[in-house]
Amino acid sequence: MIDEKVRVRIAPSPSGNLHIGTARTALFNFLFAKKNHGKFILRIEDTDAERTSQEYVDNIFDSLKALGLNWDEGPDVGGNYGPYTQSQRFDIYPKYVQELLDKGFAYECFCTPEELEAEKELATKNKQAYVYSKKCENLTEEDKEKLRKEGRKPAIRFNIAKAQKAFHNSSILEFDDLVKGKLHVDTNLIGDFVIMKSNGSPTYNFAVVIDDALMEISHVIRGEDHISNTYKQILIFEALGFKVPKFGHLGMILAPDRSKLSKRHGATAVSDFVKEGYLTEALINFVALLGWAPSDGEEIKPVDKIAEDFRIGEISSSNSIFEYDKLKWMNGQYINKMDLAKLTDLALPFLNMYDLNKYTRKQLEKIIEITREPITLLKDLVYDTQYFFEKPDYTEVKELLNSDLSKDVLDKFTEEVKTYDFNNSEELHNKLADFRAYFKEQKGYKPKETMWAIRAAVTGRTRGADMVAILELLGKDETIARIEASRKI
RNA sequence: GCCCCCAUCGUCUAGAGGCCUAGGACAACACCCUUUCACGGUGUAGACAGCGAUUCGAAUUCGCUUGGGGGUACCA
């Protein structure tokens with residue numbers, strides 16, 4: 001149990017729709033906050049105006065909400081530490097840049113992109129690690145004045161060595177990661193990085209620190225791609241006299257081919273998954289299992305139950321591969337357990353190519369109820385419910401319908417069905433059972449063979465929902481019409 | 001190139017020196033149930049990357065190798 005005031009955040013950059021990996025990071029932050037009675041904060045990091053768009057901001061909001069990851073503070077709900085959108089915080093950064101400049105932990109750099117590029121090329125040529133040369137570190141006022149007259153605008157760089165020396169004994173910087181344990185790096189290998197661009201906007205590593213410090217973030221839980229940033233950030237926290245938060249780095253989610261999960265692997269954004277018919281409940285549950293395991297072995301459980309059982313130190317520190325098989329299985333589980341009315345609401349939009357007015361709401365719910373079982377995605381419903389809305393297509397079952405067995409069965413069924421009461425499902429069920437039994441005894445036809453013939457005639461399929469329910473939904477007239485149609489092919 | 005992280009069945013994982021002839025889940029396969037598909041049930045197959053070291057004893061500790069991932073921007 002962590003006793004101090006817990007404040008965690010998710011800080012997505014709106015340069016794309018909410019990625020499933022970001023959703024997982026958000027989830028773990030959310031779980032950590034819930035478990036420790038802390039606050040979960042949403043901050044939008046839109047410093048890079050070039051790649052940012054409002055559409056993505058909206059997508060992030062909607063996706064997080066759909067997943068049930070509600071935030072306590074954020075751009076829309078506000079809070080005492082706002083604004084929660086980085087671009088609206090631009091006026092607060094210069095003050096801290098100046099402080100770093102004054103303390104000697106930062107300096108102006110007039111290097112041009114070309115000069116920097118040359119340095120890098122030289123390092124590569126000599127097979128050396130590239131580290132910024134610090135050639136602007138000791139520029140005199142005259143030098144700077146001269147450069148400024150040339151029209152050069154300086155960027156501000158952070159002085160790694162100076163900060164390291166001020167707060168640590170050696171050049172090795174170490175921190176205790178919440179999930180990975182002790183992590184370290186030799187700060188000599190970190191170049192003096194830019195904290196404020198020459199155009200006056202802060203860079204990511206600088207803005208995060210200021211924001212996290214001012215928002216009093218206690219624990220930073222994020223992907224391990226940020227480990228190398230952590231060292232830079234720790235040094236800034238220290239140089240500014242801020243309390244350094246605890247860090248926890250999660251393994252990454254990889255595609256089945258072990259590369260970064262990207263668009264070519266299919267859906268990557270939460271909204272893409274939803275469009276394919278994944279339930280947000282299943283998505284969030286599945287993603288929780290990537291790197292974390294429930295103590296009771298019960299894998300299917302809602303987020304609030306997961307939160308009770310969550311311990312950050314038990315998260316796996318390795319990467320995990322995103323396999324769709326288990327997600328699909330889990331989605332199927334959720335589809336079958338979900339409240340029918342709710343599921344119908346979610347399913348109907350997927351069926352908008354059909355004339356839904358053919359049926360009452362009650363009947364539509366019935367259709368969903370009897371077709372939900374074998375599906376793993378909501379969009380599977382399109383195919384599986386087709387014969388309720390359209391005339392059957394017999395091409396797949398032509399051979400079956402023309403078999404002697406089918407002819408026998410349908411000869412008799414055509415006559416018998418006229419006597420059935422379609423408004424009495426129990427009777428219908430019994431009549432069909434008798435019908436199967438009759439052919440079993442008389443001809444030795446297997447029950448399923450008898451049913452195949454009927455199913456094929458009525459739906460054009462050999463697989464599908466419960467026949468009794470199908471017959472009821474279709475009604476006597478339509479059933480008879482379909483059987484007659486099937487006999488003419 | 002350099003730096004960092006990681007390493008149990010195909011995949012997600014349990015496992016924190018003897019409970020492990022390594023457990024579960026998904027996927028696969030077989031059988032049962034059954035009006036089909038599915039669900040469910042039962043079962044089969046399937047892993048401690050390799051090599052050293054420590055120890056009476058190692059999946060669990062240490063080192064090396066290999067493999068995978070990440071970082072190396074005036075992107076976030």
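By convention in this document, chain letters (A, B, ...) are assigned in the order of the sequence lines, proteins followed by strands, and residues within each chain are numbered from 1. These numbers come from the heavy atoms of this one structure, side chains and all, not from hydrogens, waters or symmetry mates. Bear in mind the structure is a predicted one, so any value in this text is a computation, not a measurement.
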message = Measuring to OP1 and OP2 of B:C75, would you say a side-chain N or O of A:Lys197 lies under 4.0 angstrom away?
response = yes
task = Counting heavy atoms from C-beta on, name the nucleotide in B:G70, B:A76, B:C4 closest to the side chain of A:His184.
result = B:C4
From B:C74, B:U35, B:C6, nucleotide with atom closest to A:Pro447 side chain = B:U35
task = Provide the distance between the two C1' atoms, one in B:C32 and one in B:A38, to the nearest whole Å.
result = 15 Å
query = Under 6.0 Å from the CZ atom of A:Arg463, do we count more than 12 heavy atoms belonging to anything else shown?
reply = no
message = Please determine whether a side-chain nitrogen or oxygen atom of A:Ser320 lies at a distance below 4.0 Å from atom OP1 or OP2 of B:U13.
response = yes
key: OP1 or OP2 of B:U36 under 4.0 Å from side-chain N/O of A:Arg455   = no
request  = For B:A73 and B:U54, measure between their P atoms and round to the nearest Å.
outcome  = 44 Å
task = Considering just the side-chain nitrogens and oxygens of A:Gln233, establish if one lies under 4.0 Å of OP1 or OP2 belonging to B:A76.
result = no
key: Electrostatic pair A:Lys135:A:Glu115 at N-O distance under 4.0 angstrom   = yes
task = Under a 3.5 Å limit for both distances, which nucleotide forms a Watson-Crick or G-U wobble pair with B:A47, could you say?
result = none
query = Ignoring hydrogens and geometry, is there a side-chain-to-backbone donor-acceptor pair from A:Ser406 to A:Asn402 under 3.5 Å?
reply = no
request  = Sticking with atom C1', work out how far B:A58 lies from B:C19, rounded to a whole angstrom.
outcome  = 15 Å
query = Nearest of B:U13, B:C5, B:C12 to any side-chain atom of A:Leu183?
reply = B:C5
Donor + acceptor pair across side chains of A:Ser87, A:Thr85 (<3.5 Å) = no
task = Could you check which nucleotide pairs with B:G67 in any of the strands shown, counting Watson-Crick or G-U wobble with both distances under 3.5 Å?
result = B:C6
inquiry  = Quick check: A:Phe206 with A:Phe193 (ring centres under 6.0 Å apart)?
reply    = no
inquiry  = Let's test this: given Watson-Crick or G-U wobble pairing with both distances under 3.5 Å, identify the partner of B:U36.
reply    = none
message = Is A:Lys448 close enough to B:C33 that one of its side-chain N or O atoms is under 4.0 Å from OP1 or OP2 there?
response = no
Rounded distance in Å between the C1' positions of B:U35 and B:A27 = 28 Å
task = Send over the distance from A:Leu377 CG to B:A38 P, rounded to a whole Å.
result = 16 Å
task = Could you check how far CZ of A:Phe322 sits from P of B:U11, rounded to whole Å?
result = 16 Å
request  = Answer with yes or no whether A:Ser198 presents, from its side chain, a donor or acceptor under 3.5 Å of a partner atom in the base of B:C74.
outcome  = yes
task = Kindly say whether, by distance alone, the side chain of A:Asp466 makes a donor-acceptor pair under 3.5 Å with the base of B:U36?
result = no
inquiry  = Quick check on A:Lys153: does its NZ atom have over 12 non-hydrogen neighbours (other residues, nucleotides or ligands) under 6.0 Å away?
reply    = no
message = Would you measure the distance from the P atom in B:C37 across to the matching atom in B:C29 and give it in whole Å?
response = 14 Å
query = Among the nucleotides B:G70, B:U11, B:C74, which one has an atom lying closest to any side-chain atom of A:Asp225?
reply = B:G70
request  = Could you say whether A:Lys120 or A:Ser259 is positioned toward the 5' end of RNA chain B, judged by the nucleotide with the nearest heavy atom to each?
outcome  = A:Ser259
task = Look at the side chain of A:Arg463 and decide which nucleotide, out of B:U13, B:C74, B:C37, has an atom nearest to it.
result = B:C37
inquiry  = Counting only Watson-Crick pairs (N1-N3 plus N6-O4 or O6-N4) and G-U wobbles (N1-O2, O6-N3), all under 3.5 Å, who is the partner of B:A25?
reply    = B:U11
query = Which one, B:U35, B:A25, B:U36, comes nearest to the side chain of A:Trp452?
reply = B:U36
message = Side-chain N or O of A:Arg258 versus OP1/OP2 of B:U11: is the shortest distance under 4.0 Å?
response = yes
inquiry  = Please classify the nucleic acid contact of A:Gly332 as base, sugar-phosphate, or nothing, using heavy-atom distances under 4.0 Å.
reply    = nothing
ask   = What is the nucleic acid contact for A:Glu298, judged by heavy atoms within less than 4.0 Å: base, sugar-phosphate only, or nothing?
value = nothing
request  = Starting from C1' on B:C4, measure out to CD1 on A:Ile172 and report it in whole angstrom.
outcome  = 12 Å
remark   = The nucleotide from B:U11, B:C4, B:A27 with an atom nearest the side chain of A:Ile321 is B:U11
request  = For A:Asn126, report the nucleic acid contact type (base, sugar-phosphate, nothing); a contact means any heavy atom under 4.0 Å.
outcome  = nothing
ask   = According to the Watson-Crick and G-U wobble definitions, with both distances under 3.5 Å, which nucleotide is paired to B:A16?
value = none
query = Hey, does the side chain of A:Thr459 reach the backbone of A:Tyr387 with a donor-acceptor pair shorter than 3.5 angstrom?
reply = no
query = Contact class for A:Glu224 vs. all strands (heavy atom < 4.0 Å): base, sugar-phosphate, or nothing?
reply = sugar-phosphate
note = Between CD1 of A:Ile306 and C1' of B:A25 the distance, given in whole Å, is 14 Å
ask   = Nearest of B:U35, B:C12, B:A38 to any side-chain atom of A:Leu290?
value = B:C12
key: From B:C4, B:U35, B:A76, nucleotide with atom closest to A:Val468 side chain   = B:U35
request  = Identify whether any heavy atom of A:Gly297 sits under 4.0 Å from a base atom; if not, whether one sits that close to sugar-phosphate; answer base, sugar-phosphate or nothing.
outcome  = nothing
inquiry  = Under 4.0 Å, counting only non-hydrogen atoms across every strand here, what does A:Arg461 touch: a base, just sugar-phosphate, or nothing?
reply    = nothing
inquiry  = Please determine whether any donor N or O and acceptor N or O are separated by less than 3.5 Å between the side chain of A:Lys326 and the base of B:A27.
reply    = no
ask   = Across all strands shown, which nucleotide pairs with B:U61 by Watson-Crick or G-U wobble geometry, both distances under 3.5 Å?
value = B:A53
inquiry  = Under 4.0 Å, counting only non-hydrogen atoms across every strand here, what does A:Glu373 touch: a base, just sugar-phosphate, or nothing?
reply    = base
query = Between A:Lys431 and A:Asp421, is there a side-chain N and carboxylate O pair less than 4.0 Å apart?
reply = no
key: Rounded distance (Å) that lies between atom P of B:C74 and atom CD of A:Glu108   = 16 Å
ask   = Quick one: which of B:U35, B:C12, B:C3 gets closest to the side chain of A:Val185?
value = B:C3
inquiry  = If I pick the P atom on B:A49 and the same atom on B:A7, what distance separates them, to the nearest angstrom?
reply    = 10 Å
ask   = Contact class for A:Ala293 (heavy atom, under 4.0 Å): base, sugar-phosphate, or nothing?
value = sugar-phosphate
ask   = Roughly how far apart, to the nearest Å, are B:A47 and B:U8 at atom C1'?
value = 6 Å
inquiry  = Regarding A:Glu373 and A:Asn336, do their side chains bring together a donor and an acceptor under 3.5 Å, going by distance alone?
reply    = no
query = Using atom P of each nucleotide, how far apart are B:C74 and B:U60 to the nearest Å?
reply = 43 Å
